[in-house]
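Proteins get letters first, then strands, A, B, ... in listed order; numbering begins at 1 in each. The figures here come from the full heavy-atom set of this structure, side chains too, leaving out hydrogens, waters and symmetry mates.
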Amino acid sequence: MSILGSLQKSTIESLEALFGQTFTEKDFQVNQTKPEFEGDYTVVMFSLVKSLQQSPDAIGNMLGKHLTENYPHLFSAYNIIKGFLNLSVADDYWINLLKAQYNDICFGKQPISGKKVMVEYSSPNTNKPLHLGHLRNNFLGWSVAEILKANGNTVFKSCIVNDRGIHICKSMLAWQQFANGATPQSTHTKGDHFVGEYYVRFNDEYKKEIASLIAGGMPAADAEKKAPIMKLTQQMLQDWEAGEPTVMALWKKMNGWVYDGFDITYKNIGSDFDKMYYESDTYLLGKDIVQKGLDKKVFYTKPDGSVWIDLSADGLDEKLVLRKDGTSVYITQDIGLAQQKYDEYKIDQSIHVIGDEQNYHMKVLQLICKKMEVPYAEDIHHLSYGMVELPTGKMKSREGTVVDADDIVAEMENEAKQKTEELGKVKDFAEHELNELFHTIGLGALKFFLLRVDPKKKMTFNPAESIDFHGFTAPFIQYNYARIRSVLRKNEFLKDCSIGTTFLPLEKELIVSLERYSTVISQAADELNPSAIALYIYQIAKTFSSFFAEHSIGNAETEEKKQLRLYLANMTAIVIKSGMQLLGITVPERM
RNA sequence: GGUCCGGUAGCUCAGUUGGAUAGAGCAUCAGCCUUCUAAGCUGAGGGUCAUUGGUUCGAAUCCAAUCCGGAUCACCA
């Protein structure tokens, strides 16, 4: 049990013994003690005043006395300042923790609980390459999956590929009309980028046609519908749905190019999936559920034959679930896919990593599932994250104003290369080791940059300012890991050597922080928030960095001190490596 | 217009179910490499927590109103 948990438990027991009243851990607050006061953890008395009918200081005195007397293995001293009971945790406690856990690579993680969770993330379209916004999604989804695993869940990572629909036909049509048979191979272009160019080309041509129609006197709204290239695209979609062979062949060919490109990108950024869903397989799902909903009178039919749900009583609007021609819409597929995931994996929770622009859509999905009374309705969770914007505003693939995923990763690696070469510390590395290091540092910096911010907040990325490698960044953390590893290579652990009984302030700060790891993991899992991990690991690295500058490990005053510091350094390395892994970031042995 | 999200130092962000004198990084300034990696360390300056009112022992945090920014409300996905 964590020290926080032990403190809560012993406080509850003490209050019961002292006052004969039963409390839970929610009835009082426990904080880390501020550095300006003596102690490690603080119990705030005020919330107990009402039910105990005593002054905060009186309760604090009794509680502090009782805790130190009855739990001497946990608490060694206490003081009370203005209603705050500051408790000093016994040095023995930390020494024992250090001895037991300093080399445990599973430290902080929970055993498997049996709970099954699916995390759906990434969800690319097959008409354009991934951009910076997708990277935020990918890093978030992957990290949340790892954090949930660390918290004992069995996790399935899934991906729904938007591989059909009018937007896919746009790039197909543009290729058909303008490519003259060009291929990724013939142009030496990565497949997803190649197809993306035709998606942009479509929109350029479309705009031109609209402009000339308007110039000819047609109203703008009509021009958008009547542009010849759009008419052809709509025809192509109908042909696709009819399974017309040449369209199907073109579709398969171009999607194949895109998948070849995605494979490279996913491999490069470390995304992987246990299950791929394709919209071309799932877009008809959900229709039979709509029928059930009609039977249950959850849905209703309008005179033209279209099917709707009225959510106005829930503060939303009427929502279409089936077109008048009987074809399904976006939400219909999601209803069907949710059912399929549940049937296939018997999951207890389904997490959808989707941008906040779809908050409304996900709310509708959850509501429909509830009204349909499906068993998994309460377990659909939308992990909503804010958009990544440029200083000039939103990124738009259609207009080509995006920060491309492959480009930004390459730039970061290049940046890492430059800085590494300037410092000149790894001149003995072989070329493949150097490339691996640049990848580790560059991609790490990018992942950390995107993950350190609360997911729900939108963020601005300024391409003119390079992402930092100093301060609250992955390279800083990686650097501290490398320093620890260097020290550990140069010094030996002695078997059966005492590590002393006391701590200097910075040693103490480090072990107290390390102990919190499990609490931080479970908090991050509850909140589905990797930034909690990022913040914590940075704080660990910072504390170690101060410690490292202040105290020598190899030349410690005594052998006991040296051993203590080696234990501390080793445990710090393990927590840093473990925590960074939860963010999808690797740490180098040297840099 | 309805609904939802956000507004904390020049910039980017933390700030636990309300708690002690609101914290980091970047940038600026001043120090620190002859010893374990200076991608570092130490220190300084920098705040009307958007505004106003309320709730109470106590509010950046909760409530109400207002201002500003964003998302969304498609027979698109």
> Under 6.0 Å from the six-membered ring centre of A/Phe469 and within 45° of its axis: does the NZ or CZ of A/Lys419 meet both?
Replying inline: yes

> Can the positive tip of A/Arg164 be found less than 6.0 Å from the middle of the six-membered ring of A/Tyr283, inside 45° of the ring normal?
Replying inline: yes

> If we call it a pair only when both distances are under 3.5 Å in a Watson-Crick or G-U wobble match, what pairs with B/rU72?
Replying inline: B/rG2

Any base atoms under 4.0 Å from [X], or only sugar-phosphate, or nothing? Heavy atoms, all strands.
X: A/Tyr330; result: base
X: A/Ile553; result: base
X: A/Gln29; result: base
X: A/Met591; result: base
X: A/Ser306; result: base
X: A/Thr473; result: nothing

Measuring only the [atom1] atom in each nucleotide, how far is [N] from [M]? A whole number of Å is fine.
N: B/rU28; M: B/rG19; atom1: P; value: 35 Å
N: B/rC62; M: B/rA20; atom1: P; value: 16 Å
N: B/rA60; M: B/rA50; atom1: C1'; value: 12 Å

Please determine whether a side-chain nitrogen or oxygen atom of [X] lies at a distance below 4.0 Å from atom OP1 or OP2 of [N].
X: A/Ser552; N: B/rC36; answer: no
X: A/His470; N: B/rG40; answer: yes
X: A/Lys34; N: B/rA20; answer: yes
X: A/Thr327; N: B/rC75; answer: no
X: A/Arg483; N: B/rA38; answer: yes
X: A/Arg323; N: B/rA77; answer: yes
X: A/Lys457; N: B/rG7; answer: yes

> B/rA20 base to A/Asn86 side chain: any donor-acceptor pair below 3.5 Å?
Replying inline: yes

>> Base of B/rA14, side chain of A/Ser531 - is there a donor-acceptor contact under 3.5 Å?
In response: no

>> From NE2 of A/His361 over to P of B/rA77, roughly how many Å is that when rounded to an integer?
In response: 11 Å

> Considering heavy-atom distances to RNA chain B, does A/Val44 or A/Ala541 have its closest nucleotide positioned more toward the 5' end?
Replying inline: A/Val44

> Closest nucleotide of RNA chain B for A/Asp356 versus for A/Ala549: which of these residues is on the 5' side?
Replying inline: A/Ala549

> Does the side chain of A/Tyr102 come within less than 4.5 Å of A/Phe493's, by heavy atoms?
Replying inline: yes

>> Quick check against the 3.5 Å criterion: does A/Glu515 have a side-chain atom that pairs as donor or acceptor with the backbone of A/Ile3?
In response: yes

>> Could you check whether A/Lys417 pairs with A/Glu411 (Lys NZ or Arg NE/NH1/NH2 to Asp/Glu carboxylate O, under 4.0 Å)?
In response: no

>> Anti or syn, where syn is a glycosidic angle within 90° of 0; which label fits B/rC33?
In response: syn

